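Since this is a predicted model, take the numbers as computed values, not measurements. Numbers restart at 1 for each chain; the letters A, B, ... are given by sequence-line order, proteins then strands. Values below: every heavy atom of this structure, side chains too, minus hydrogens, waters and symmetry copies.
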Number of protein chains: 4
Amino acid sequence: MKAPQRREREIARTREDIVEAASRAFVQIGVHDATMQDIAAEAGYTAASLYTYFRSKQEIVEAVLDQLTTEFLQVFEQPLPGNLTFPQRFEILLVRHLELIEKRRALMLTFHSAEAESGHCPGDSHGQSFHQNFERRILGLADWFKKNAKPDEIGGHDPELVARLLVGMVFGLLHGWVAKDQGSLADRAPLVRDFFFHGVSGNSKAGAKKK
Amino acid sequence: MKAPQRREREIARTREDIVEAASRAFVQIGVHDATMQDIAAEAGYTAASLYTYFRSKQEIVEAVLDQLTTEFLQVFEQPLPGNLTFPQRFEILLVRHLELIEKRRALMLTFHSAEAESGHCPGDSHGQSFHQNFERRILGLADWFKKNAKPDEIGGHDPELVARLLVGMVFGLLHGWVAKDQGSLADRAPLVRDFFFHGVSGNSKAGAKKK
Amino acid sequence: MKAPQRREREIARTREDIVEAASRAFVQIGVHDATMQDIAAEAGYTAASLYTYFRSKQEIVEAVLDQLTTEFLQVFEQPLPGNLTFPQRFEILLVRHLELIEKRRALMLTFHSAEAESGHCPGDSHGQSFHQNFERRILGLADWFKKNAKPDEIGGHDPELVARLLVGMVFGLLHGWVAKDQGSLADRAPLVRDFFFHGVSGNSKAGAKKK
Amino acid sequence: MKAPQRREREIARTREDIVEAASRAFVQIGVHDATMQDIAAEAGYTAASLYTYFRSKQEIVEAVLDQLTTEFLQVFEQPLPGNLTFPQRFEILLVRHLELIEKRRALMLTFHSAEAESGHCPGDSHGQSFHQNFERRILGLADWFKKNAKPDEIGGHDPELVARLLVGMVFGLLHGWVAKDQGSLADRAPLVRDFFFHGVSGNSKAGAKKK
DNA sequence: CATGAATGAGCATTCATTCAT
DNA sequence: AATGAATGAATGCTCATTCAT
């Protein structure tokens, strides 16, 4: 009776192991250049074995992407202390968000909008996966806005739009961060928060010059 | 005497044709999946002929990327009417920027941060190309800020950082725009401008514009 | 327990099969002109499969060469009846040597000094392989002389030099033999022996043997 | 009237230049690996131009081979002082022969029996060329024997056979010489002469030990 | 005559995937 | 369940050769 469950657990566990291994391989070798052998070696299996757990390499890629997106969605669903103002809640979320990016930066950059892999012809799969996962992340954040901000707390804007702009900004930040590797990304949270709420003009106390 | 010049022109012209053809092929088929034959067919040549103008497929990819980046830099260097306030100049630039993105959206999405292609190991080339071109675009915009805005007009922030955030936002916008194909991207310029200058809070009149 | 050994045997066996097949292909089509497909077809595999056993075509070429050289060295190491004079032992060796050449004539001619394949620039591999194998054969024969002949039985000459001249003569013979296909090569052994020991002058009975 | 002759001379001259250039290219790069571009560059032309003088690369290869063989035949046809014994004439010939080999050693090794290039199937061309040129050289030497030696001066043997053995020995010598680069090849003439006339046993004064 | 440009025909090699053991 | 072995399908790149200029 419990055997099948145990099996399932076992299988799920192995799948996770493979996904983790694939993540590492993708980061080091690149999504496209990593071969099934590379992934298998990283996971401690042979290439043939991977097919017991995934139907194709594409399925592994999608699982890795899905895993990454899921981590983001979890951040957005994590409970926040109730007695906080919206900007406070926002900052906490932002920090968590940036921390996750920091932790997964290599993988993110590897995938980032890697819709480039294949074309956008109907029927293609790669590109769609990347795009869809990016969108899921945005929609997740949009949901968070809906739940955590009164409409006028985000200027009456469409939450999805706001989420899109925010994710974009963070993306831009990530890009520069990797290039320069300057301290923790999460440290930038206040800056992004201010920019998010007041734009370049900043609010009252403007002056915080960066290098 | 003029012959060599004519030759050079001819060659440059052909290279451009090939770059254009490659762009189309990349968009339709994907950077990686497009074969030399695909590119050649699109350009009206045979695969072997391409090697008269480019040393390798990689060189073509880089030429396409470079061409795209160059177009952006040209936008940033285009002269603006002198008697305008910074926000006005900003909006004009933004519109031009968005128009270019609109025109090249397919190609942009194909490449965007396509550093995913290969890994980030030292010596890899693909990823570097993508990354570098993204950075060139940001630095170009940062330069524009330096030339067109007084420090306090961008809140005393590092121009590069500001550029990074802006390009990021635009990237986020592009992503959603492609997914939904809702009107012209350039129409969003005022929105981005407001967000850029005042954040979500908007300014005085918090016009509740839903999509 | 025995499994790994059996595997190894199996692999070694397959490698040998492929080497044999490659030999045939090289003879019929030429070392350079024979494609991996040709070799594979001859071996009953597909081209891709060959890469399970050899890293590259070059490695197959070298294996074929090595196999051929090994056969020669085995001839030189084969034991000889002890109670024979040096000339007698020499003749036996010569016969065996010629028989091997006869058996492998096609392959030999295909390879013979095929150092022509590539240039002699440092780092080239083809040419080196051919040359080295030729030299190994000569050195093997030189060793035989050292073990089987007292110095004055080879006129006090350097065994390596003597070996070189002998192998050269045999090579010349092989060349003519193939061109004319006149009886067994081994039948020429006495002639070569006489020439080897006494030169054209022949010994006592200068038997005027025309072809 | 003279124009056509001048043209012919011009053409013949250019052909020779190309053949020389090809020889150099073959030596450095290898017969097979040298491309038409390589040969052309060496000759100061473009690849296309070579086709004005030769119908194909194969024809160039054959011209180079032919040129080499012709040089050998010229040595065999060069007049010798009349009042000399056969061994004396032989030695002179041998020295000239070895000198030519020395001069052309690189090219010789490049081509040497490079029949390996292609297979021996009927209709193939490469292999035949190499083989045929080797044979021409042997037959040329055989002719020399016929003209310069009374039958019993070569032990009553078939001149062709004797020539074959001699060319073989020289080939063996060349092989080792290249490998070790020990002094002039022509210095070995006495040694080869003695071996040719008396075999290893040497004649009266046996002892000349080599290193 | 010389050549720049174009090309067809190839070819070694890679890799995701399958399947018998 | 794990895998060694086999393979079909691709693909970037080379090169001898042709031909218009």
Side-chain angles (χ1 to χ4, degrees), chain A residues 7 10-11 14 32-40 43-61, chain B residues 3-4 6-8 10-11 14 18 29 32-40 43-61, chain C residues 3-4 6-8 10-11 14 29 32-40 43-61, chain D residues 7 10-11 14 29 32-40 43-61:
Chain A
R7 201 68 52 241
E10 195 64 33
I11 287 182
T14 304
H32 184 269
D33 291 346
T35 69
M36 289 297 271
Q37 292 238 9
D38 292 327
I39 300 172
Y45 288 93
T46 58
S49 299
L50 301 187
Y51 287 85
T52 306
Y53 302 95
F54 294 93
R55 237 189 289 285
S56 67
K57 181 184 174 182
Q58 177 57 25
E59 206 171 285
I60 295 180
V61 171
Chain B
R6 197 152 303 179
R7 273 271 172 255
E8 273 182 38
E10 195 64 33
I11 286 182
T14 305
I18 292 172
I29 311 179
H32 184 271
D33 291 346
T35 68
M36 288 300 271
Q37 294 242 5
D38 292 328
I39 300 172
Y45 289 94
T46 58
S49 297
L50 301 187
Y51 288 86
T52 306
Y53 301 95
F54 294 92
R55 243 189 289 284
S56 65
K57 182 183 172 183
Q58 176 59 22
E59 205 172 286
I60 295 180
V61 171
Chain C
R6 197 153 302 180
R7 274 272 171 254
E8 273 182 38
E10 195 65 33
I11 287 181
T14 305
I29 311 180
H32 185 270
D33 291 345
T35 69
M36 288 300 270
Q37 293 241 5
D38 292 328
I39 299 172
Y45 288 95
T46 58
S49 297
L50 300 187
Y51 288 86
T52 307
Y53 301 93
F54 294 91
R55 242 190 290 284
S56 65
K57 181 182 173 184
Q58 177 59 23
E59 205 171 285
I60 295 180
V61 171
Chain D
R7 196 132 327 274
E10 195 63 35
I11 287 181
T14 304
I29 311 180
H32 184 270
D33 290 347
T35 68
M36 288 299 270
Q37 292 236 10
D38 291 327
I39 300 171
Y45 289 92
T46 57
S49 300
L50 301 186
Y51 287 85
T52 306
Y53 302 95
F54 294 92
R55 235 189 290 283
S56 66
K57 182 183 173 183
Q58 177 57 25
E59 205 172 287
I60 295 180
V61 171

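Residue B/Ile29 holds its CD1 atom at 6.5 Å from OG1 of B/Thr35, rounded to the nearest 0.5 Å.
For B/Ile18 and E/dA5, the CD1 to P distance is 11 Å, given to the nearest whole Å. Across the protein-nucleic acid pair, A/Ile60 atom CD1 and E/dA16 atom P stand 10 Å apart, rounded to whole Å. Whole-Å rounding puts the B/Leu50 CG to E/dA5 P distance at 14 Å. Look at CD1 on A/Ile39: it is 12 Å from P on E/dC15, rounded to the nearest Å. The CD-C1' distance, from C/Glu8 to F/dG4, rounds to 14 Å in whole Å. Remark: C1' of E/dT3 and CZ of B/Arg7 are 8 Å apart, rounded to the nearest angstrom.
For B/Ser49, a side-chain nitrogen or oxygen approaches OP1 or OP2 of E/dT7 to under 4.0 Å. In this model, the phosphate group of F/dA6 is not approached by any side-chain N or O of C/Thr46 to a distance below 4.0 Å at OP1 or OP2.
E/dG8: Watson-Crick or G-U partner is F/dC15, with both key distances under 3.5 Å. Under the Watson-Crick or G-U wobble criterion, with both distances below 3.5 Å, E/dT21 is paired with F/dA2.
Side-chain proximity of B/Tyr53 to the nucleotides F/dT7, E/dA2, E/dA5 is greatest for E/dA5. Nearest nucleotide to the side chain of D/Tyr45, out of E/dA2, E/dT7, F/dT3: E/dA2.
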Output a table of donor-acceptor pairs, distance under 3.5 Å, between side-chain atoms of residues 46-55 of chain D and any protein atom two or more places apart or on a different chain; print 'none' if there are none.
unit_1  : atom_1 : unit_2  : atom_2 : d
D/Thr46 : OG1    : D/Ser49 : OG     : 3.1
D/Thr52 : OG1    : D/Ser49 : O      : 3.1

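Nucleic acid contact class of B/Ile11 (heavy atoms, under 4.0 Å, all strands): sugar-phosphate only.
Surrounding CD of A/Gln37 are at most 12 heavy atoms belonging to other residues, nucleotides or ligands under 6.0 Å away.
Across every non-hydrogen atom of D/Lys57 and D/His32, the tightest pair is NZ-O, 3.2 Å.
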* For nucleotides 13-19 of chain F, read 5' to 3', which letter fits each nucleotide if B means a protein heavy atom sits under 4.0 Å from the base, S means only the sugar-phosphate is that close, and - means neither? -> BBBSBBB
